[in-house]
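Here is the structure we will look at, set down as C-alpha cells.
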Amino acid sequence: MTDTSSTGQARGEAPAPRRRTLYRLMRYLPLVAPVLLWAVPCWVLLYAGQHWPAPVTAGGTALFVLGLVAMPLGMARGHGRRQQDAAAILGDTLLGASWVLFTWSVLLGVLLRLALVVAGVGDGQDRARAVTWAVLGVSAVLLVWGYAEARRVPRVRRLDVRLPRLGAGLDGLRVVLVTDTHYGPLDRARWSARVCETVNSLEADLVCHTGDIADGTAERRRAQAAPLGTVRATHARVYVTGNHEYYSEAQGWVDLMDRLGWEPLRNRHLLLERGGDTLVVAGVDDVTAESSGLPGHRAHLAGALDGADPGLPVLLLAHQPAFVDRAAAAGVDLQLSGHTHGGQIWPFHHLVRLDQPALAGLSHHGARTVLYTSRGTGFWGPPFRVFAPSEITLLVLRSGN
C-alpha cells in the first residue's frame, strides 16, 4: 500500500503546466505515433545491418507499409462515424501488434545488440540478424499470450480493506468490483456470462460496476451486456458511467443498466445497513460527462453526498482515479475506480501514470481516503493484455474496531 498523502498538495499544484505540455503533445500524437510504431521496427528488423536478400527486404517493407496504412484506416472506420466492427478489429489488432513490435525492437535493438558486442559474438550482420529473430520471437510469444490473457475470464483478486470509521456491524462486508468490461467489436456474450457466473460465486453483499461498459451504444451491445442482469448481491448492484459511455449515447447505458436491475448512482447515494451500522454508497458521473453536452450529466460529488450523515463512512464509485483529490477533500473513506487497465500492454503504464495518480491496487490519499484502482475486467481496443492481467475484485471491508 502506497501512502501518497504527503504529495497530494504538490500533485494538485504541479500538474497544470505538465498536463498542458502533455495535451499539446497529444494533439500531434495521431499523426506521429503510427509512423513511429511501424517505421522503427521496419528499420530495426530489415535495415540495421542485416543485409537480407532483396526480395526479403522488399517484402518486409511492403508489409510494414501495409500495416501503417491499414491500422489508422481500420481504426477510423471502426471507431468513427461508420462503426464497422470488422474494421475496428483489424485496426485494433494492428495497433496492439505494432506497439509490441515497437517496444521490443527498441529494447532488444539496443540491449541485445550491446550484449552481443560485449560478448564478442559474431560480426555486425550476425548480430543484426540475431536481434531480428529475437524481436520477432519475443513479440510472437507475447502477442499469443497477451491474446489469451485478454480473452480469458479474469482471475479473482481478493483483499481486505480496513476502514477506521466502518461500524462493527459492517465488518466483513463483501464488495465485488467489475469495471471496464468494454463490450465491443469482438462478440463476448459468452465471456460476459462466465464473468457474471464468477461474480455470483463470490456471494457479494454489494456489486459495483465503475463504468466503461462498452464501446458502442446500448442498443448495439445489448446482447453482450445482457448477462449483467443475472448478477446477484444481497444488498445492491450499483453502477456509474465511464468516459466511454459518453462516446456512445451514455443515457442509453444508464437506462439499460436500470432495466437490468442495477442502481445507476448518478451523483446520488444509497444507504447500506447491516448489524445496526450504515454505509453510504455514493456515485458520480465520469469527469468527462459535463463536456459531453448531455443535460444533467456531470461529476458532482456534493450532490452525491447531499443529505448523507457526515458521521457515516462513505464508499464512492468514480470511474477515474484522478477523482480521488476531490474525494479526499470531502473525507470519503473508500473510492473504487477503474479506467487505467493497469496499462493493458506493457510498458504503456508509464503513459497512464502521466494522467492518473494511481495505476492499480490500493493507495492512500489525504487524511483518511483509500483508493482502490482496478486493472479492469475486459480490454479496450487491441485484444491483448501484456503484464497487466485483468481482474474481478473482491474487497472485504474490515471495521477499524
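FYI, side chains are in, hydrogens and waters are out, and symmetry mates aren't considered; it's all heavy atoms of this structure. Please read these numbers as outputs of a predicted model, since none were measured by experiment. We number each residue from 1, following the sequence as shown.
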Inset, instruction - Indicate the atoms forming the closest heavy-atom contact of Pro41 with Leu36, along with that distance. - result: CD-O, 3.8 Å
Inset, instruction - Begin with the C-alpha distance, continue with both residues' side-chain angles, and end with the deciding distance and a verdict on side-chain hydrogen bond (donor to acceptor under 3.5 Å, both in side chains) for Glu391 and Thr393. - result: CA-CA 6 Å; Glu391 65 179 83; Thr393 317; 2.5 Å; yes
Inset, instruction - Keeping the roles fixed (side chain from Ser248, backbone from Asp215), state whether a donor-acceptor pair exists under 3.5 Å. - result: no
Inset, instruction - Report the C-alpha distance between Val207 and Leu202 in whole Å, list the side-chain angles of each, state the deciding distance to 0.1 Å, and finish with yes or no for side chain to side chain contact (heavy atoms under 4.5 Å, CB included). - result: CA-CA 10 Å; Val207 180; Leu202 300 177; over 6 Å; no
Inset, instruction - May I ask you to test the Leu163-Arg398 pair for a side-chain heavy-atom distance under 4.5 Å? - result: no
Inset, instruction - Mark yes or no for whether His349, through its side chain, and Gly342, through its backbone, hold a donor-acceptor pair below 3.5 Å. - result: no
Legend entry - Intermediate values then yes/no, side chain to side chain contact (heavy atoms under 4.5 Å, CB included), Val324 and Thr373: CA-CA 10 Å; Val324 75; Thr373 306; over 6 Å; no
Legend entry - Contact summary for Phe379 and His182, nearest pair of heavy atoms: O-CB, 3.0 Å
Inset, instruction - Output the distance between atom OG1 (Thr181) and atom CG (Asp212), rounded to the nearest 0.5 Å. - result: 8.0 Å
Inset, instruction - Apply side-chain hydrogen bond (donor to acceptor under 3.5 Å, both in side chains) to Arg152 and list each qualifying residue two or more places apart in sequence or on a separate chain. - result: Glu149
Legend entry - Side chain to side chain, Arg220 and Gln83, heavy atoms closer than 4.5 Å: yes
Legend entry - Minimum side-chain heavy-atom gap Leu279-His235 below 4.5 Å: no
Legend entry - Ring center gap for Phe348 and His341 short of 6.0 angstrom: no
Inset, instruction - Please confirm whether the backbone N or O of Trp380 pairs with a side-chain atom of Gln344, one donor and one acceptor, at under 3.5 Å? - result: yes
Legend entry - Ring centres under 6.0 angstrom apart (Trp145, Phe387): yes
Inset, instruction - Kindly check if the number of other-residue, nucleotide or ligand heavy atoms within 6.0 Å of CZ (Arg194) is above 12? - result: no
Legend entry - Donor-acceptor contact below 3.5 Å, side chain Arg266 vs main chain Val254: no
Legend entry - Check: Ala322 main-chain N/O paired with Gln356 side-chain donor or acceptor under 3.5 Å: yes
Inset, instruction - Specify the closest pair of heavy atoms between Asn267 and Gly296, including all atoms of both residues, with the distance to one decimal. - result: ND2-O, 4.5 Å
Legend entry - Side-chain heavy-atom pair Leu371, Pro321 within 4.5 angstrom cut-off: yes
Legend entry - Test item: Ser374 side-chain N/O and Gly338 main-chain N/O as donor-acceptor pair under 3.5 Å: no
Legend entry - Test item: Ser291 side-chain N/O and Thr288 main-chain N/O as donor-acceptor pair under 3.5 Å: yes
Legend entry - Atom CZ of Arg81: over 12 foreign heavy atoms under 6.0 Å: no
Legend entry - Among Val199, Leu394, Val176, side chain to side chain contact (heavy atoms under 4.5 Å, CB included) partner for Val156: Leu394
Inset, instruction - Determine whether Val65 and Trp38 make a side-chain contact, defined as any pair of heavy atoms from C-beta on separated by less than 4.5 Å. - result: no
Inset, instruction - Please name the pair of heavy atoms, one in His319 and one in Ser337, separated by the smallest distance, quoted to 0.1 Å. - result: O-CB, 3.5 Å
Inset, instruction - Find the distance between CD (Glu245) and CG (Leu256) and round it off to the nearest 0.5 Å. - result: 11.0 Å
Legend entry - Donor-acceptor contact below 3.5 Å, side chain Asp285 vs main chain Arg298: yes
Legend entry - Gln125 CD: over 12 foreign heavy atoms closer than 6.0 Å: yes
Inset, instruction - Can you measure from CG (Leu294) to OG1 (Thr241) and round to the nearest 0.5 angstrom? - result: 9.5 Å
Legend entry - Atom pair CG/NE2 of Leu359 and His350 - distance to nearest 0.5 Å: 9.5 Å
Legend entry - Whether Arg127 side chain and Val121 backbone form a donor-acceptor pair below 3.5 Å: yes
Inset, instruction - Find the distance between OH (Tyr183) and CG (Leu228) and round it off to the nearest 0.5 Å. - result: 4.0 Å
Legend entry - Straight-line distance of Ile213 CD1 to His244 NE2, nearest 0.5 Å: 12.5 Å
Inset, instruction - Decide whether Tyr47 and Thr61 meet the rule of one side-chain donor and one side-chain acceptor closer than 3.5 Å. - result: yes
Inset, instruction - Determine yes or no for a side-chain-to-main-chain donor-acceptor pair under 3.5 angstrom, with Arg268 supplying the side chain and Pro264 the backbone. - result: yes
Legend entry - His300 and Val284: CA distance, side-chain angles, deciding distance, side chain to side chain contact (heavy atoms under 4.5 Å, CB included) verdict: CA-CA 6 Å; His300 187 212; Val284 292; 5.8 Å; no
Legend entry - Nearest atoms (heavy-atom pairs only) where Gly378 meets Ser390: O-CB, 4.4 Å
Legend entry - Heavy-atom side-chain proximity of Arg151 to Leu186 below 4.5 angstrom: yes
Legend entry - Minimum side-chain heavy-atom gap Leu316-Thr369 below 4.5 Å: no
Inset, instruction - Could you pull out the closest heavy-atom pair between Leu301 and Ala330, with the gap in Å? - result: CD2-CB, 3.6 Å
Legend entry - Worked verdict on Asp333 versus Val370 for side chain to side chain contact (heavy atoms under 4.5 Å, CB included): CA-CA 6 Å; Asp333 298 82; Val370 178; over 6 Å; no
Legend entry - Heavy atoms of other groups near Gln84 CD, more than 12 under 6.0 Å: yes
Inset, instruction - For the residue pair Pro382 and Tyr147, establish whether any side-chain heavy-atom pair is separated by less than 4.5 Å. - result: no
